2 protein chains.
Amino acid sequence: MSESGAALRNTRQRSAVSALLGEMEGFHSAQDLHAMLRQRGERVGLTTVYRTLQGLADAGEIDVMRPPGGEHLYRRCSQGHHHHLVCRACGRTVEVAGPAVESWADRVAEQHGYADVSHTLEIFGTCPACVR
Amino acid sequence: MSESGAALRNTRQRSAVSALLGEMEGFHSAQDLHAMLRQRGERVGLTTVYRTLQGLADAGEIDVMRPPGGEHLYRRCSQGHHHHLVCRACGRTVEVAGPAVESWADRVAEQHGYADVSHTLEIFGTCPACVR
DNA sequence: GCGTTTTTGACAATCATTATCGTTACCACG
DNA sequence: CGTGGTAACGATAATGATTGTCAAAAACGC
């Protein structure tokens, strides 16, 4: 119950999920990742995959995207705050940073008296390879 | 089958949904709107509400938001392109425009060779009334 | 090792959304 | 003003990702 004494334990399952994310490129759904772990012979429950991903997301170690279509997608990204430029056709993703956008969002929110500000931003397009 | 001969028909149900959206402030879910229509005595099926909302969204007449929590929220907004500043606690929404953000997004996408660019942006915060 | 506490995982439950498909109502045309 | 073709409706079932449950297993401090 102590809020500072979280003390997450090191488990085989958590390592497996984390390791897998380290090797993967692009975004993948929880169900995807679960299937991959199974193929490798790692025995991890689907519930645990969800829990682990949520934990990592809360900790800021991975990014979550909610594309139209309803499935949550997860990816290990560079640590800092950034956004994604995603190809509609093939899903290829580029990380983009926009300091001006960040400060703009914060400023707009503060002007309206909103506190504790966060935001989400995704850019969609068709990548060069898919345009042809 | 002719692509230009769409010819949407005027139905009582479509008018009811559209009218309701015209009176409402803020975002509401499809199920919400359906319940309100029922309370008014309008007899509209849930399926139809979903279909109508999707149609209006495709036509660009209403905005869709997908907040964490899984429910799609719809709202009639001003016509032009804009974004939303939403209160996490009470849902109060402010429309905000950011020309600089639009052009930044387009520029970033083009730099990476992405075509046919669009984007989504939501700002979340706690509004003045809920901060206290 | 030992006990405590977290974590796991199979399964059921949830719930918004979508598909189905017979019925109804719109509307253009005669 | 009737009528035929077709789009729209709507009750219900299906879908499918995510979350809740809870007994059993594993991890960590000592």
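Worth saying up front: this structure is predicted, and the values here are computed from it rather than measured. Keep in mind that the numbers below use all heavy atoms, side chains included, and drop hydrogens, waters and symmetry copies.
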Between P of dA17(D) and CD of E71(A), the distance in whole Å: 5 Å
Taking distance alone, no hydrogens or angles, what donor-acceptor pairs closer than 3.5 Å link side-chain atoms of residues 113-128 of chain B to residues at least two apart or in another chain?
from    : atom 1 : to      : atom 2 : distance (Å)
Y114(B) : OH     : R92(A)  : O      : 3.2
S118(B) : OG     : R88(A)  : NH2    : 3.0
H119(B) : NE2    : H81(B)  : NE2    : 3.2
H119(B) : NE2    : H83(B)  : NE2    : 3.3
H119(B) : NE2    : E102(B) : OE1    : 2.9

Interatomic distance where CZ belongs to R12(B) and P belongs to dC26(C) [whole Å]: 8 Å
Qualifying side-chain hydrogen bond (donor to acceptor under 3.5 Å, both in side chains) pairs, either residue in residues 13-24 of chain B, two or more places apart: S18(B)-R76(B), E23(B)-R40(B)
Divergence of helical axes at both termini of the helix from dG1(C)-dC30(D) to dG30(C)-dC1(D) - five pairs an end, 10° steps: 40°
Under 4.5 Å side-chain linkage, directly or through intermediates, the cluster mates of V17(B): L20(B), L21(B), M24(B), L33(B), M36(B), L37(B), V44(B), V49(B), L53(B), L56(B), I62(B), V64(B), Y74(B)
Neighbours of DNA chain C within residues 49-58 of chain B, by heavy-atom distance under 4.0 Å: Y50(B), Q54(B)
Atom-to-atom span, CG of D32(A) to P of dA17(D) - whole angstrom: 10 Å
Residue pair R66(A) / H72(A): nearest heavy atoms and the distance that separates them: NH1-NE2, 3.0 Å
Which residues share a ring-ring contact (aromatic ring centres under 6.0 Å, His included) with H84(A), sequence neighbours left out: F27(A), H82(A)
From dG10(D), dT17(C), dG9(C), nucleotide with atom closest to T48(B) side chain: dG10(D)
Sequence neighbours excluded, every pair satisfying side-chain hydrogen bond (donor to acceptor under 3.5 Å, both in side chains) that has a member inside residues 42-62 of chain A: Q31(A)-Y50(A)
Taking only N/O atoms, report every protein-nucleotides 27-30 of chain C pair under 3.5 Å with atom names and distance.
from    : atom 1 : to     : atom 2 : distance (Å)
dC27(C) : OP1    : N10(B) : N      : 3.0

Closest-nucleotide ordering on DNA chain C, the 5'-leading residue of Y74(B) and V44(A): V44(A)
Integer-rounded Å distance: dT8(C) C1' and R43(A) CZ: 12 Å
Interatomic distance where CZ belongs to R66(B) and P belongs to dA16(C) [whole Å]: 14 Å
Heavy-atom pair of closest approach, residues L46(B) and H34(B): N-NE2, 3.4 Å
Shortest non-hydrogen separation from L73(A) to P67(A) and the atoms involved: CD1-CG, 3.8 Å
Under-4.0 Å side-chain N/O to phosphate OP1/OP2 contact, R14(A) with dT7(C): yes
Contacts of R12(A) that satisfy side chain to side chain donor-acceptor pair (under 3.5 Å) - sequence neighbours left out: none
Partner set under side chain to side chain donor-acceptor pair (under 3.5 Å) for R38(B), not counting sequence neighbours: none
Below 3.5 Å between N/O atoms, which protein atoms pair up with nucleotides 12-16 of chain D? Just atom names and distances, please.
from    : atom 1 : to     : atom 2 : distance (Å)
dT12(D) : O4     : T47(B) : OG1    : 3.4

Can you give me every donor-acceptor pair (side chain of residues 103-111 of chain A, partner residue at least two apart or in another chain, under 3.5 Å) with its distance?
from    : atom 1 : to      : atom 2 : distance (Å)
S103(A) : OG     : P99(A)  : O      : 3.3
S103(A) : OG     : A100(A) : O      : 3.0

Within-4.5 Å side-chain heavy-atom neighbours: D32(B) and E71(B): no
Verify same cluster id: V86(B), V101(B) (apolar side-chain graph, 4.5 Å): no
